[in-house]
Asker: 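Provided herewith is a single structure, encoded as structure tokens, for subsequent inquiry.
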There are 2 protein chains.
Amino acid sequence: MKRTEATIHDIARALNISASTVSRALKDNPLISAATREKIRKTAEEMGYRPNVVASSLRTKRSNMIGIIVPYINRHFFSSVVSGVEEVAYKAGFAVTISQSNDSYQKEVQLARALYDSRVDGVIVSFAMDTHNFRHLSMFAESRIPLVFFDRITDEIDANRIVVDDFSGGRTATEHLIAQGCRNIAHVSGPLHLQIYDNRLKGYLAALSEAGLQPPPGGILHNRLTRADGEEAIRQLLTLKPLPDAIFCANDTTALSIILSLRNSPYKVPDDIAVVGFSNEPFSGLITPTITTISQPGYEMGCRSAELLIAEIKGEINAMQYQTYTMPTELIIRESSVRVP
Amino acid sequence: MKRTEATIHDIARALNISASTVSRALKDNPLISAATREKIRKTAEEMGYRPNVVASSLRTKRSNMIGIIVPYINRHFFSSVVSGVEEVAYKAGFAVTISQSNDSYQKEVQLARALYDSRVDGVIVSFAMDTHNFRHLSMFAESRIPLVFFDRITDEIDANRIVVDDFSGGRTATEHLIAQGCRNIAHVSGPLHLQIYDNRLKGYLAALSEAGLQPPPGGILHNRLTRADGEEAIRQLLTLKPLPDAIFCANDTTALSIILSLRNSPYKVPDDIAVVGFSNEPFSGLITPTITTISQPGYEMGCRSAELLIAEIKGEINAMQYQTYTMPTELIIRESSVRVP
DNA sequence: TTGTACGCGTTATCAG
DNA sequence: CTGATAACGCGTACAA
């Protein structure tokens, strides 16, 4: 029935008071007497008044809105992060606008601009695979709009960062394979300009070197870690001589893909070729053989990202205190890597 | 370096023209001469001007923002829908703010209010399991803010709706089981106030009755379809005499849970008990045995929802044309239901 | 304790 | 083709 929105002015008029009194009453300003506050409350309710946060944002220059950019929304790890962000943001009174780059630098640039234009109070980002430079985020820095990076991060912009300990994850995974008796361990890695993949690789190399081992020549591959990339990777790895006796994959998707491919081969997982993934995607514990992997606490990373961002928005922390927060990983030992002697 | 945002007034001042001219030039208003437009463009660029959509929203009463409420963000079906929504919205110049009800009516009410307060131009909703009434959305209707419902929908509010053909999905799934020789088919269903579960149940009953069969006494269970609910369900179903020879589950989660539970039982899937799920979650094709299921095009449903919503926002369609759009499902036959005679 | 007056950045209207 | 002005709804010095 209401064709037109009630405003604080309408309430004021109805009560023969001023709009500022209404404004104050509605936000529990202690200056207002309990009596008038209640009166205002009541008619606001009756008139179906709902605050206009757009007007409020314009006035206060705070939108109570945070933006998040991820490569793909419908990927378990990222949607878990988003879920954590939403949960924390909601409790703190922030809305979340979401966008996905589809791993495209171009789209990421557009999205960043759109978020800036809508005057979000802060932004949480995990970079696209294509993203090599970070100028598109400089506007946030210049406007003192807090940024938090997670997972796929950069050193080139000063901000809080949330990652898991990819180096130790890579090392632990590799050590586990070595402990299973594997000596010829290949690695399927992502693009190295993304620190997470660089660190997983370094962890892998560290574990090998500590055990006096070498990566097999041609046994370290770089790709975008899709299902198709996994198929191509195993095809290549099967041409190596000697054949690798284990593969450490930088994500679960390629591990899955490799396991499925090997079903149509004479080689058995884990006895001929052991496989370890990274991320603990939901499918990892369901496929046969179940996939040994490194767990990555997506939901918690999202919560932490939002907490840090909101703390910075509120001025509770500042640029002097930027850190890189490392979340714990855990080696989850399953069937794809365990050899019974 | 820029401590303060450049506005159209700053540009106007720098060029000794009026703010309205700048405003018009920047939005390609044909009234402005190409010469001045270019000049304005250039200095806008130089000054690092970025439009303030908050101010624009206040003035135009259009936020170019759509809201979406889903039960859980990190669930494959819903995150796929969200992904589709984002994709379409982005191309149409809309931002998306996301929120999750966690299947709680209380939170859903709050979220709806928050979306309303932030003056979104439209809302896409899939209801919480707890949601039995829909008054919390009436404010949108009263303010003529378009709504689109998907998956978990209601008849009580007039709006466009996107669903899959749950009835025919339920029937097809059940017919398939019957064709496999099953005669004693149980059903694990969700809460019936959600149409999707009611329709899947009706489809199941229709298939049975067409084949001259009855549901086994005590063989139709209702719960919230979680992993735990699946475990409880199979425990109950195993007490029935005669034992069901098949179970049609209203989602893949319970189907999965039942299959895992039966691994620790003397009964084999599919030979003793055949299992069919619903939704085609990613894990369904990976577990052993792979799960026969009904595919549900989440991404496409998201795209369609956004298209309809945006069309209505733009006034291209109106309340006279509300429909319930039924997306195609497909029976995906896998190992969990196929009996080799 | 309440009211007045103004501005946030943009755009619609009207005038020139 | 361009400019002046008001208004969107709210919040906040300042005044009373």
Side-chain angles (χ1 to χ4, degrees), chain A residues 2-41 43-44 47-65 93 114 116-121 143, chain B residues 2-41 43-44 47-65 93 114 116-121 143:
Chain A
K2 287 268 173 300
R3 294 298 308 108
T4 166
E5 311 281 307
T7 74
I8 54 173
H9 291 98
D10 299 322
I11 301 176
R13 204 171 310 123
L15 260 41
N16 260 317
I17 55 179
S18 81
S20 33
T21 302
V22 177
S23 171
R24 286 190 271 249
L26 257 19
K27 49 182 309 222
D28 288 323
N29 186 318
L31 289 178
I32 303 299
S33 75
T36 49
R37 177 170 45 235
E38 270 327 299
K39 198 173 47 178
I40 290 170
R41 275 268 167 66
T43 63
M47 301 179 70
Y49 170 80
R50 290 271 77 213
N52 184 327
V53 318
V54 175
S56 173
S57 297
L58 181 60
R59 183 65 238 252
T60 61
K61 294 180 178 309
R62 296 172 94 286
S63 59
N64 288 305
M65 175 107 172
Y116 183 87
D117 293 354
S118 60
R119 299 301 189 265
V120 292
D121 291 337
S143 294
Chain B
K2 289 269 171 302
R3 294 301 306 111
T4 168
E5 312 279 309
T7 74
I8 53 174
H9 290 100
D10 299 322
I11 300 176
R13 204 172 309 123
L15 258 40
N16 260 314
I17 56 179
S18 82
S20 17
T21 302
V22 177
S23 172
R24 286 190 273 249
L26 257 19
K27 52 181 310 221
D28 288 323
N29 185 315
L31 289 177
I32 304 300
S33 73
T36 49
R37 177 168 46 233
E38 271 325 300
K39 199 172 50 180
I40 290 170
R41 275 268 168 66
T43 64
M47 300 178 70
Y49 170 80
R50 291 271 79 212
N52 185 326
V53 318
V54 175
S56 175
S57 299
L58 179 61
R59 184 64 238 252
T60 61
K61 295 184 178 305
R62 294 171 95 286
S63 59
N64 288 305
M65 176 108 175
Y116 183 88
D117 292 355
S118 60
R119 298 301 188 266
V120 293
D121 291 337
S143 294

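Order of the sequence lines fixes the chain letters, A, B, ..., with proteins taken first and strands second; residue numbering starts at 1 for each chain.
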Asker: Donor-acceptor pair, A:Ser57 side chain versus A:Val53 backbone, under 3.5 Å?
Answerer: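 Here the side-chain-to-backbone pair exists.
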Asker: Any sub-3.5 Å donor-acceptor pair from A:Thr60's side-chain atoms to A:Ser56's backbone N or O?
Answerer: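 Yes; at least one donor-acceptor contact below 3.5 Å.
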Asker: B:Arg24 side chain: which of C:dT13, C:dG9, D:dT12 is closest?
Answerer: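 My answer, after comparing the listed nucleotides, is C:dT13.
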Asker: Rounded to whole angstrom units, what separation is found between the CD1 atom of A:Ile11 and the P atom of D:dG11?
Answerer: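 Interatomic distance, CD1 of A:Ile11 to P of D:dG11: 11 Å.
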Asker: So do B:Arg13 and B:Thr7 actually touch side chain to side chain, heavy atoms under 4.5 Å?
Answerer: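 Answer no - side chains too far apart.
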Asker: Look at A:Lys61 and C:dG9 and indicate whether a side-chain polar atom (N or O) is within less than 4.0 Å of OP1 or OP2.
Answerer: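 Yes.
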Asker: In whole angstroms, how far is the P atom of C:dT11 from the CD1 atom of B:Ile8?
Answerer: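 In whole Å, C:dT11 P lies 6 Å from B:Ile8 CD1.
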Asker: Heavy atoms under 4.0 Å, any strand shown: does A:Ser57 hit a base, just sugar-phosphate, or nothing?
Answerer: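 Contact class for A:Ser57: none.
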Asker: In Å and rounded to the nearest 0.5 Å, what is the NZ to CG distance from B:Lys61 to A:Asn52?
Answerer: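 The distance works out to 7.0 Å.
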Asker: Provide, to the nearest angstrom, the distance between the CZ atom belonging to A:Arg62 and the P atom belonging to D:dT12.
Answerer: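 One finds 11 Å between P of D:dT12 and CZ of A:Arg62, rounded.
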Asker: Which of these nucleotides, C:dT1, D:dC10, C:dG3, is closest to any side-chain atom of A:His9?
Answerer: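 Nearest to the side chain of A:His9 among the choices is D:dC10.
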Asker: For B:Leu26 and D:dT2, give me the distance from atom CG to atom C1', rounded to whole Å.
Answerer: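 These atoms are roughly 15 Å apart.
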Asker: Record whether the side chain of B:Ser20 comes under 3.5 Å of the base of D:dA4 through a donor-acceptor pair of N or O atoms.
Answerer: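 Side chain to base: pair present.
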Asker: Which of these nucleotides, C:dT2, D:dG3, D:dT12, is closest to any side-chain atom of A:Lys27?
Answerer: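 Closest nucleotide to the A:Lys27 side chain: D:dT12.
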Asker: Of the candidate nucleotides C:dG3, C:dT10, D:dT2, which contains the atom at the shortest distance from the side chain of B:Thr21?
Answerer: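 Comparing C:dG3, C:dT10, D:dT2 against the side chain of B:Thr21, the answer is D:dT2.
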Asker: Give B:Ser23 one of three labels, base, sugar-phosphate or nothing, depending on what nucleic acid heavy atoms sit under 4.0 Å from its own.
Answerer: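 Since a base atom lies under 4.0 Å of B:Ser23, the category is base.
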Asker: Between the base of C:dG9 and the side chain of A:Arg119, is there a donor and acceptor pair under 3.5 angstrom?
Answerer: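 There is none.
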Asker: Rounded off to whole Å, could you give me the CZ-to-C1' distance for the B:Arg59 and C:dC8 pair?
Answerer: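 After rounding, the reported distance stands at 14 Å.
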Asker: Mind listing the closest non-hydrogen atom pair of A:Asp10 and A:Glu5 along with its distance?
Answerer: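 That would be OD2-O, 3.6 Å.
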Asker: In whole angstrom, give the distance that lies between atom CZ of A:Arg13 and atom C1' of C:dT4.
Answerer: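 Result: 16 Å.
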Asker: Has B:Ser118 got a side-chain atom pairing as donor or acceptor with B:Ala114's backbone, closer than 3.5 angstrom?
Answerer: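 Yes, because the side chain of B:Ser118 sits within donor-acceptor range (under 3.5 Å) of the backbone of B:Ala114.
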Asker: Using a cut-off of strictly less than 4.0 Å, decide whether B:Ser18 has a side-chain nitrogen or oxygen near OP1 or OP2 of D:dG3.
Answerer: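 Looking at the OP1 and OP2 atoms of D:dG3, one of them is under 4.0 Å from a side-chain N or O of B:Ser18.
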Asker: Can you tell me the distance, in whole Å, between the CG atom of B:Leu31 and the C1' atom of C:dA12?
Answerer: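 For the pair B:Leu31 CG and C:dA12 C1', the rounded distance is 12 Å.
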Asker: If you find the nucleotide of DNA chain D closest to B:Ala19 and the one closest to B:Leu58, which residue's nucleotide is nearer the 5' end?
Answerer: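 Its nucleotide being nearer the 5' end, the pick is B:Ala19.
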Asker: Taking the nucleotide of DNA chain D with the closest heavy atom to each, which residue, B:Thr60 or B:Pro30, is nearer the 5' end?
Answerer: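 Per heavy-atom nearest nucleotide, the more 5' residue is B:Pro30.
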Asker: Looking only at side-chain atoms of B:Ile17, point me to the closest of D:dG9, C:dT2, D:dG3.
Answerer: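 The answer is D:dG3, which lies nearest to the side chain.
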Asker: In whole angstroms, how far is the P atom of D:dG3 from the CG atom of B:Asn29?
Answerer: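 Roughly 13 Å, once rounded to whole Å.
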